[in-house]
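In what follows, a structure is listed as structure tokens, so that the remarks can point back to it.
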Amino acid sequence: MYKGIFSFIKHIQPTRRLIKQVNSRPVPRHIAIIMDGNGRWAQKRGLSREMGHRYGSESLKDIIESTSDLGIEYLTVFAFSTENWKRPTKEINALMDLLVDYIDSELDRLKRNNIKMNVLGDLGSFPEKVQQKIYFALDNTKDNTGLKFNIALNYGGRDDILNAVRGLADDIQSGKLAVDDIDKSIFYKYLYTGNMPDPDLLIRTSGEYRLSNFLLYQIAYTELWFSKPSLLWPDFNQRQYLKAILDYQNRQRRFGAIT
Ligand code: FPP
């Protein structure tokens with residue numbers, strides 16, 4: 001029994017120390033995450049890819065909670081890309097079911113923690129049942145003032161930009177906007193991220209050094225953090241998250257200027 005207590009304390013103490021360290025410096029306002037490696041994680045254990053995503057959604061729950069506890073304002077996760085439709089139907093269906101299960105099991109916690117859920121992407125091609133569930137969650141959290149939790153669904157950075165250009169063109173055509181009015185701040189409003197600040201930190205697990213069409217316009221000056229290949233998303237936990245944030249806090253951001 002003592003052994004169990006000691007190993008629990010051994011784990012808790014360094015985590016507390018990390019939290020203290022992170023809290024002693026300004027935390028990023030906006031963190032974006034590419035939750036990569038669910039399939040490989042499952043394969044290594046002789047499980048189906050779908051099970052990998054299910055374990056991945058458990059990691060996500062912990063990371064949302066840590067983000068909210070740290071007082072970070074925005075968290076954006078890549079849950080389904082415009083390219084993910086190329087996957088087998090079985091896997092796509094499992095991801096849709098997972099979304100529904102996630103909302104069923106987590107909506108109360110999101111509400112309790114004052115978290116506002118928001119979708120980046122076009123939900124139009126999602127099954128009706130899934131759309132309804134998502135809109136229900138959006139409606140039920142719309143007045144929350146804590147963490148803004150953005151979930152990118154059927155999202156692609158190029159589509160985001162194209163969509164914004166179409167919106168601008170429509171507004172010019174209808175006379176709401178003049179071409180000369182377009183500047184960066186106006187353009188931003190037409191992106192899925194609207195008035196949100198750009199991500200300060202982008203995290204990608206599983207050792208892939210790619211952006212995979214995620215937030216292409218918004219990450220111009222984002223700090224990138226790629227994990228080692230052995231760290232797959234279902235194994236990503238609060239300690240690794242804190243270490244990534246600490247690493248970010250030790251960087252010098254210059255935004256093209258000199259110090
Ligand atoms: C990439 O791993 C992961 C995805 C395409 C899906 C991410 C989804 C989750 C973590 C579940 C989130 C669930 C909810 C409810 C929001 P991969 O499948 O490409 O992994 P691989 O590169 O090892 O094959």
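In this text the structure is predicted, and so the values were computed from the model without any measurement. For ligands, and for the atoms within them, numbers begin at 1 and follow the listed sequence.
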Identify the protein heavy atom lying closest to [atom], giving its residue, its atom name and the separation to 0.1 Å.
atom: atom 22 (O) of ligand 1; answer: Arg40 NH2, 2.9 Å
atom: atom 1 (C) of ligand 1; answer: Met35 O, 3.3 Å
atom: atom 16 (C) of ligand 1; answer: Ile151 CD1, 3.4 Å
atom: atom 4 (C) of ligand 1; answer: His53 CE1, 3.9 Å
atom: atom 10 (C) of ligand 1; answer: Asn38 ND2, 3.2 Å
atom: atom 6 (C) of ligand 1; answer: Ala79 O, 3.5 Å

For this session: Any atoms of ligand 1 less than 4.0 Å from a non-hydrogen atom of Arg49? List them with their elements.
Result: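 Counting from 1, the qualifying ligand atoms are 17 (P), 18 (O), 24 (O).
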
Does only the side chain of [X] get under 4.0 Å from ligand 1, or the backbone, or both, or neither? Count heavy atoms.
X: Glu208; value: neither
X: Asn84; value: side chain
X: Leu60; value: side chain

With only distance considered, is [X] within less than 3.5 Å of ligand 1 through an N or O on each side?
X: Trp233; result: no
X: Ser57; result: no
X: Tyr102; result: no

For this session: Please state whether Arg87 comes within less than 4.0 angstrom of ligand 1, counting heavy atoms only.
Result: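 Yes.
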
For this session: Measure centre to centre between the rings of Phe126 and Trp85, then say whether the value is under 6.0 Å.
Result: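 Between Phe126 and Trp85, the centre distance is under 6.0 Å.
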
Exercise. Quick check, are the ring centers of Tyr217 and Phe187 under 6.0 angstrom apart?
Worked result: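 Yes, close enough.
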
Exercise. Got a donor-acceptor contact below 3.5 angstrom from the Asn154 side chain to the Asp122 backbone?
Worked result: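 Yes, Asn154 side chain to Asp122 backbone: donor-acceptor pair under 3.5 Å.
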
Exercise. Got a donor-acceptor contact below 3.5 angstrom from the Ser59 side chain to the Trp233 backbone?
Worked result: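 Yes; at least one donor-acceptor contact below 3.5 Å.
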
Side chains of [X] and [Y]: is there a donor and an acceptor less than 3.5 Å apart?
X: Thr67; Y: Tyr241; answer: yes
X: Arg25; Y: Tyr248; answer: no
X: Ser227; Y: Arg204; answer: no

Exercise. Is the closest basic N to carboxylate O distance between Asp200 and Arg29 below 4.0 Å?
Worked result: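 The answer is no: the pair does not qualify as a salt bridge.
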
Exercise. Should Arg166 and Asp170 count as an ion pair when the cut-off is N to O under 4.0 Å?
Worked result: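 Here Arg166 does not pair with Asp170 in a salt bridge, since their nearest N and O are not under 4.0 Å apart.
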
